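Right, one structure below, let's go through it.
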Amino acid sequence: MHDSPIIDLGGFRLDLSAVIMLLVTGIIVFVLARLAVRNLSVENPSKLQNFMEWVVEFVQGIVASAMDLKKGKPYISLGLTLITFIFVANVLGLPFAIITDLPADFTVFGQTIEATRGLHDGHMAHVLWWKSPTADISVTAGLAIVVFFLMNYLGLKLNRKHYLKHYIEPFPVFLPLNIIENLAKPVALAIRLFANIFAGEVLITVILKMGYFGIPFLAVWQGFSIFIGALQAFIFTIT
């Protein structure tokens, strides 16, 4: 396995590759959205516009299955952002990886990359810069925690009585179980998304070590990984 470009900022370990890939993901999603709506047309829509309209209708269906669409309309943009951002983040590490060999005590912005700290002369650290950001547990945990707090905040703000009531359904004795279930949701979301994407990239690394014999397997797995990436984005959004 390759090392991550982690630096220490006052005791806080920051993975530069995760930061870079999150920025790349955001830029790609923004550019795709802008291109899709650049020349809107009813009579002759572009392929990208058709695709984006399909995604919007798909998210509308998800929201409509959970609540009345009139009340759920404000959440369509949230669902659309989540499903597109997570899907792009899931597949970024599929086409290629960027790995550099760094010498001992290599610094970035004046901070030493931990993997290079204390290396002997002549030794190099193999540092992975380009990967799927959702193959990092800190990224998936961050996404899950943000969604968890947002959903609970909106539940208390917009429909407090119904929100609190569901904790004692079907019977008040289920209160502890319902609380545990609610607290376990972000944990399950973070681990499931991370495990699926990380395992996929590990398997790609194993297949690449097979050389030419691994090319057919790599092609099949790349296609399957796109499906897994879309499926995990969908599961994260509906949960």
Side-chain angles (χ1 to χ4, degrees), residues 1-9 12-32 55 79-102 106 108 111 113-117 124-148 184-210 214-215 217-239:
M1 296 297 294
H2 304 291
D3 294 310
S4 297
I6 297 173
I7 59 176
D8 191 306
L9 294 177
F12 178 75
R13 292 168 62 85
L14 180 65
D15 187 344
L16 296 179
S17 63
V19 175
I20 293 171
M21 296 313 299
L22 284 173
L23 289 173
V24 171
T25 303
I27 291 171
I28 291 175
V29 172
F30 177 78
V31 170
L32 287 176
V55 175
L80 183 62
T81 302
L82 279 175
I83 201 168
T84 52
F85 185 89
I86 293 175
F87 173 71
V88 172
N90 288 349
V91 301
L92 274 184
L94 296 181
F96 59 89
I98 296 178
I99 303 167
T100 58
D101 293 334
L102 302 182
F106 186 86
V108 176
Q111 300 294 325
I113 292 180
E114 293 297 311
T116 66
R117 191 183 298 274
M124 295 285 189
H126 306 293
V127 177
L128 176 64
W129 294 91
W130 184 282
K131 63 179 182 180
S132 295
T134 43
D136 189 318
I137 187 63
S138 61
V139 173
T140 59
L143 288 170
I145 290 171
V146 169
V147 172
F148 172 76
K185 282 183 179 179
V187 178
L189 281 175
I191 293 177
R192 179 170 54 230
L193 180 57
F194 159 72
N196 277 275
I197 306 306
F198 180 75
E201 296 197 354
V202 169
L203 188 55
I204 288 176
T205 302
V206 173
I207 293 174
L208 289 174
K209 292 182 180 296
M210 297 171 62
I215 293 178
F217 299 101
L218 181 62
V220 172
W221 184 250
Q222 291 274 25
F224 185 68
S225 294
I226 294 175
F227 168 73
I228 293 296
L231 180 62
Q232 290 303 315
F234 168 71
I235 292 174
F236 195 99
T237 304
I238 65 172
T239 306

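Hydrogens, waters and symmetry mates are skipped; everything else that's a heavy atom, side chains included, is used. Values in this document were obtained by computation on a predicted structure and should not be read as measured data. Start at 1 with the first residue, then count along the sequence.
How far CG of L218 is from CG of L208: 5.5 Å, rounded to the nearest 0.5 Å. Put simply, OG1 on T237 and CD1 on I83 are 4.5 Å apart, with the number rounded to the nearest 0.5 Å. With rounding to the nearest 0.5 angstrom, the CG atom of D8 is 7.0 Å from the CZ atom of R117. The distance from the CG atom of D136 to the CZ atom of F198 is 9.5 Å, given to the nearest 0.5 Å. For the atom pair CZ of F234 and CG of L82, the computed distance is 13.0 Å after rounding to the nearest 0.5 Å. Annotation: the span from T116 atom OG1 to D101 atom CG amounts to 12.0 Å, rounded to 0.5 Å.
Heavy-atom minimum distance, I113 versus P5: CG2-CA, 3.9 Å. The minimum heavy-atom distance linking I137 with A190 is given by the pair CD1-O, 3.9 Å. Minimum heavy-atom separation, A125 to A115: CB-O, 3.7 Å. The two residues T81 and T84 make their nearest non-hydrogen contact at O-OG1, 3.2 Å. Looking at every heavy atom in both residues, E201 comes nearest to G93 through OE2-CA, 3.4 Å.
Looking at heavy atoms from C-beta onward, L189 lies out of side-chain contact with L193 at the 4.5 angstrom threshold. L102 has its side chain out of reach of M124: every pair of non-hydrogen atoms, C-beta onward, lies at least 4.5 Å apart. Residues V29 and F87 fail the side-chain proximity criterion, which asks for heavy atoms closer than 4.5 Å. Within the 4.5 Å cutoff, no side-chain heavy atoms of F106 are placed close to those of V127. At a threshold of 4.5 Å between non-hydrogen side-chain atoms, the residues P133 and L92 count as touching.
In this structure, W221 and F224 have tilted ring planes: the angle between them lies in the 30° to 60° band.
Side chain of W130 to backbone of I20: no donor-acceptor contact under 3.5 angstrom is found. S225 places no side-chain N or O within 3.5 Å of a backbone atom of G200 that could act as its donor or acceptor partner. Between the side chain of S132 and the backbone N or O of N90, at least one donor-acceptor pair lies under 3.5 Å.
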>> Walk me through whether T134 and T25 qualify under side-chain contact (heavy atoms from CB on, under 4.5 Å).
In response: CA-CA 10 Å; T134 43; T25 303; over 6 Å; no
> T140 and R192: side-chain contact (heavy atoms from CB on, under 4.5 Å), yes or no, with the steps?
Replying inline: CA-CA 9 Å; T140 59; R192 179 170 54 230; over 6 Å; no
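Around CZ of F217, the count of heavy atoms belonging to other residues, nucleotides or ligands within 6.0 Å does not exceed 12.
Comment: K131 engages D15 in a salt bridge, judged by a side-chain N to carboxylate O separation of less than 4.0 angstrom.
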